[in-house]
There are 2 protein chains.
Amino acid sequence: MTGIAQRVAGFEGQLRDAGLRMTQQRRLILRVLAEADDHPDAKGIFTRAFALDPTLSLSTVYRTMKVLETQGAIERHAFEDGVSRYEHADQEHHDHLIDVESGEVIEFSSDAIEELQRRIAAELGYELVRHRLELYGRKKRPGVRGKKG
Amino acid sequence: MTGIAQRVAGFEGQLRDAGLRMTQQRRLILRVLAEADDHPDAKGIFTRAFALDPTLSLSTVYRTMKVLETQGAIERHAFEDGVSRYEHADQEHHDHLIDVESGEVIEFSSDAIEELQRRIAAELGYELVRHRLELYGRKKRPGVRGKKG
DNA sequence: ACGCTATTGCAACGCACTTGCATTTGTCAA
DNA sequence: TTGACAAATGCAAGTGCGTTGCAATAGCGT
């Protein structure tokens, strides 16, 4: 895993190249994101960041998320409830499985499914640009399999 | 294809069994949905239905969509823009490919991808409950293939 | 240190969707 | 048919997430 400090520093240069500024607020939000191992929404990010700097405002979070997304520093997802959730983007492409009972989000990736999607699009006469795949599942209890359980 | 009239009549019985009423508004919305071959949102359905009966209100459309979904008469999807789109449910399961240029929605289904998803979930220790799969693609121009085109 | 302008906080706004309430209207029983 | 009761409707107000106009603040190059 890359260190948080390096990540933030690296992003600072990226911003500067785009003529943007590395503000206290952006640094703070970036840190919260880097420390997150889940998929928080704007309010969640705000809450965590606000605890560290109570002058932060929610609209700054929204604006910052937009900047970060444009810069490719984070990825935005909207699961079933429709609210935008974020994760930092310094990782391999992956899709998500959501536990329908707990709401827990599990990441996974499958070359087979990526390839299959590309092929399906091709068969329909399309070049695949991107996709959205979410699996919703229920945890299997080990030892219970089949109707006769 | 099933006739619209039968579909509406069939649904009427379904409603009655659930202790609900077949009102003029529901009949009207059902007809609009049956005649739609696209994936309209609530406002789109309202516009089409309003043209046939200008006493209809938008909140009735929203409420009716909820009833229809609960009864399993329609399916709700939310693509990238987040607004809910609807289609009648008397068809096989399918996923969607969205043309990123025109917004056109193409339906497709693939047993291979269904099976693969089930397997992936199983490998993570989950039983697949449902999924959401959307492909976003760009129309391939015939005769242009590869970089040297 | 200075000045330009990006960025911020705040409050107001936009949009999709929901809801409280008084009124209308299916439906079922007589 | 008619009557009555609960379900459904229209309207307007309310939610919730996200955006935006504006005046004040603060990065950053000089």
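Proteins come first, then strands; the chains are lettered A, B, ... in the order of their sequence lines, and each starts at number 1.
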Walking DNA chain C from its 5' end, the first of B:Gln24 and A:Gly19 to be reached, judged by nearest nucleotide, is A:Gly19
For the residue pair B:Glu69 and B:Ile74, what are the closest heavy atoms and their distance? N-CG1, 3.6 Å
Enclosure of B:Asp38 CG (heavy-atom neighbours >12, cutoff 6.0 Å): yes
Here the pair of heavy atoms bringing A:Ala78 nearest to A:Glu134 is O-OE2, 3.5 Å
Could you say whether B:Thr23 or A:Arg27 is positioned toward the 5' end of DNA chain D, judged by the nucleotide with the nearest heavy atom to each? B:Thr23
So what does B:Leu58 touch, heavy atoms closer than 4.0 Å: a base, only the sugar-phosphate, or nothing? nothing
Hey, does the side chain of B:Tyr62 come within less than 4.0 Å of C:dT18's phosphate (OP1/OP2), counting only N and O? no
Separation of A:Arg85 CZ from A:Ile45 CD1 (nearest 0.5 Å): 9.5 Å
All pairs passing ring pair (Phe, Tyr, Trp, His ring centres under 6.0 Å) where residues 92-116 of chain A contributes a residue, at least two apart: A:His39-A:His96, A:His77-A:His96, A:Phe79-A:His96, A:His93-A:His131, A:His94-A:His96
Rounded to whole Å, the CZ-C1' distance (B:Arg26 to C:dG26) equals 10 Å
Sequence neighbours excluded - side-chain hydrogen bond (donor to acceptor under 3.5 Å, both in side chains) pairs with any residue from residues 56-66 of chain B: B:Ser57-B:Ser59, B:Ser57-B:Thr60
What is the minimum heavy-atom distance between A:Phe46 and A:Leu58, and which atoms define it? CE1-N, 3.5 Å
What heavy-atom pair brings A:Ile106 and B:Tyr126 nearest, and what distance separates the two atoms? CD1-OH, 3.2 Å
For a quick test of your reading: what N or O donor-acceptor pairs under 3.5 Å do the side chains of residues 8-22 of chain A make, sequence neighbours left out?
residue, atom, partner, partner atom, Å
A:Glu12, OE1, A:Arg27, NH1, 3.2
A:Glu12, OE2, A:Arg16, NH2, 2.9

With a 4.0 Å cut-off, would you call A:Glu115 and A:Arg119 a salt bridge? yes
Closer to the 5' end of DNA chain C via nearest nucleotide, is it B:Met22 or A:Thr55? A:Thr55
Short N/O separations, protein against nucleotides 20-25 of chain C, under 3.5 angstrom:
residue, atom, partner, partner atom, Å
C:dG20, O6, B:Arg63, NH1, 3.3

Rounded off to whole Å, could you give me the NZ-to-P distance for the B:Lys43 and C:dC17 pair? 9 Å
Using a 4.0 Å cut-off on heavy atoms, which residues in residues 77-88 of chain A reach DNA chain C? List them by number, or say none. none
Report the distance from atom NZ of A:Lys66 to atom P of C:dT8, rounded to the nearest whole Å. 13 Å
If you walk 5' to 3' along DNA chain D, what is the first nucleotide with an atom under 4.0 Å of a heavy atom in chain A, and what is the last? D:dC17 to D:dG29
Return the minimal non-hydrogen interatomic distance between A:Ala89 and A:Gly72, and the atom names on each side. CB-O, 3.5 Å
